[in-house]
Amino acid sequence: DAGVIQSPRHEVTEMGQEVTLRCKPISGHNSLFWYRQTMMRGLELLIYFNNNVPIDDSGMPEDRFSAKMPNASFSTLKIQPSEPRDSAVYFCASSLVGGVPEKLFFGSGTQLSVL
Amino acid sequence: DAKTTQPPSMDCAEGRAANLPCNHSTISGNEYVYWYRQIHSQGPQYIIHGLKNNETNEMASLIITEDRKSSTLILPHATLRDTAVYYCIVRPGNTGGFKTIFGAGTRLFVKA
């Protein structure tokens, strides 16, 4: 298995533009997580899905952020409009609920820079 | 999730054992201790987990105190590649209803 795949690896955009981050979880995993990491705030959980259904989005900072999981093999995190303070590394992770232990497998992340 | 406390940073000489402590005094009976690490610019990586007994795998050993209020992750022969941030997390073992929350972790510097 190729692991969790995120794209793009790097994204540079201007303030006000729409940004879409993509994630392909590990085949067979049934939970997917979006995290954001900055120096100031560390690794923050934004939202997670179980069986493609959003379970907890309390970490989503504002209405400008939205996430979808249309099927078991794909998820997107969208920021519209983007702001400089959104600059961070965004990680996607997947896991198999019911597996022992329930390990998270992370992708390589998307480095987002909003100018 | 139960809260954990870890020292912000530690040093270790290459080839020596690195012992990373974690306090989790409010851990519940059904909560496991998980350890992850994050090497610079990469996503966190699972290392090991345990409930009550000590555990060992190819990466590390985990020692959990009898009262389960603290644990120690041991890297028996640290290498320069073990320089990373190490996260101690407590959460129920295998249910989808709980979030995995990362704290600040311990930044381990392995020095030649």
Side-chain angles (χ1 to χ4, degrees), chain A residues 2-6 9-10 21 23 25-26 29-60 69 72 88-112, chain B residues 1-9 27 30-62 64 71 73 84-107:
Chain A
V4 177
I5 300 174
Q6 292 187 245
R9 189 77 173 89
H10 301 276
L21 310 181
C23 176
I26 291 174
H29 281 188
N30 53 14
S31 283
L32 183 139
F33 306 78
W34 283 100
Y35 287 85
R36 176 174 70 175
Q37 187 169 37
T38 61
M39 288 291 292
M40 291 295 294
R41 301 176 67 89
L43 199 58
E44 302 174 278
L45 177 64
L46 301 178
I47 184 172
Y48 75 96
F49 296 82
N50 193 28
N51 292 322
N52 312 337
V53 176
I55 302 300
D56 188 332
D57 65 354
S58 60
M60 297 285 262
M69 192 164 186
V89 180
Y90 290 80
F91 289 104
C92 175
S94 70
S95 71
L96 176 62
V97 173
V100 181
E102 187 180 332
K103 307 179 199 179
L104 292 183
F105 293 83
F106 282 78
S108 299
T110 294
Q111 174 77 59
L112 174 64
Chain B
D1 290 0
K3 197 169 183 178
T4 63
T5 304
Q6 299 178 254
S9 67
I27 192 170
N30 67 338
E31 289 182 317
Y32 286 68
V33 180
Y34 285 77
W35 283 83
Y36 285 79
R37 75 177 182 184
Q38 186 175 22
I39 296 171
H40 179 63
S41 79
Q42 299 180 19
Q45 174 193 25
Y46 165 86
I47 301 173
I48 198 167
H49 80 289
L51 181 62
K52 296 180 182 178
N53 301 320
N54 298 337
E55 303 288 345
T56 295
N57 64 19
E58 65 280 3
M59 293 181 68
S61 294
L62 175 60
I64 303 174
S71 60
L73 179 74
V85 178
Y86 288 78
Y87 299 98
C88 170
I89 297 161
V90 294
R91 53 154 289 162
N94 59 346
T95 170
F98 295 89
K99 304 179 277 194
T100 296
I101 304 298
F102 289 80
T106 295
R107 189 172 294 275

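On a predicted model such as this, the values are computed, not experimentally measured, just so you know. In what follows, chains are A, B, ... by sequence order, proteins preceding strands, each numbered from 1.
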- Query: Quick one: does Leu45(A)'s side chain get under 4.5 Å of Ile101(B)'s, heavy atoms only?
  - Reply: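 When only atoms from C-beta onward are counted, Ile101(B) and Leu45(A) do touch, with a gap below 4.5 Å.
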- Item | Atom of Phe91(A), atom of Gln42(B) and distance for their closest heavy-atom approach |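 Heavy-atom minimum between the residues: CZ-O, 3.6 Å.
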- Item | Distance in Å, Phe102(B) CZ paired with Tyr35(A) OH, rounded so as to fall on 0.5 Å steps |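 Answer rounded to 0.5 Å: 5.0 Å.
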- Message: So, taking the atom named CD1 in Ile48(B) and the one named NZ in Lys103(A), what distance separates them when rounded to the nearest 0.5 Å?
- Response: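 Atom-to-atom, Ile48(B):CD1 and Lys103(A):NZ are 10.5 Å apart.
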- Task: Counting only heavy atoms closer than 4.5 Å, note whether Leu43(A) contacts chain B via side chain, backbone, both or neither.
- Result: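 Looking at Leu43(A), backbone and side chain both touch chain B.
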- Let me know if Gln111(A) has heavy atoms under 4.5 Å from chain B in its side chain, its backbone, both or neither.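 Contact with chain B: none, neither part.
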- Message: Between Pro44(B), Gly105(B), Gly103(B), who has the most heavy-atom pairs with chain A when the cutoff is under 4.5 Å?
- Response: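 The answer is Pro44(B).
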- Message: Just to verify, what does Asp57(A) make a salt bridge (charged side-chain N to carboxylate O under 4.0 Å, His left out) with, not counting sequence neighbours?
- Response: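 Not a single residue meets the salt bridge (charged side-chain N to carboxylate O under 4.0 Å, His left out) criterion with Asp57(A).
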- Qualifying residues under side chain to side chain contact (heavy atoms under 4.5 Å, CB included), relative to Ser9(B), sequence neighbours excluded: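 Partners of Ser9(B) by the side chain to side chain contact (heavy atoms under 4.5 Å, CB included) criterion, ordered by chain and then number, come out as Arg107(B), Phe109(B).
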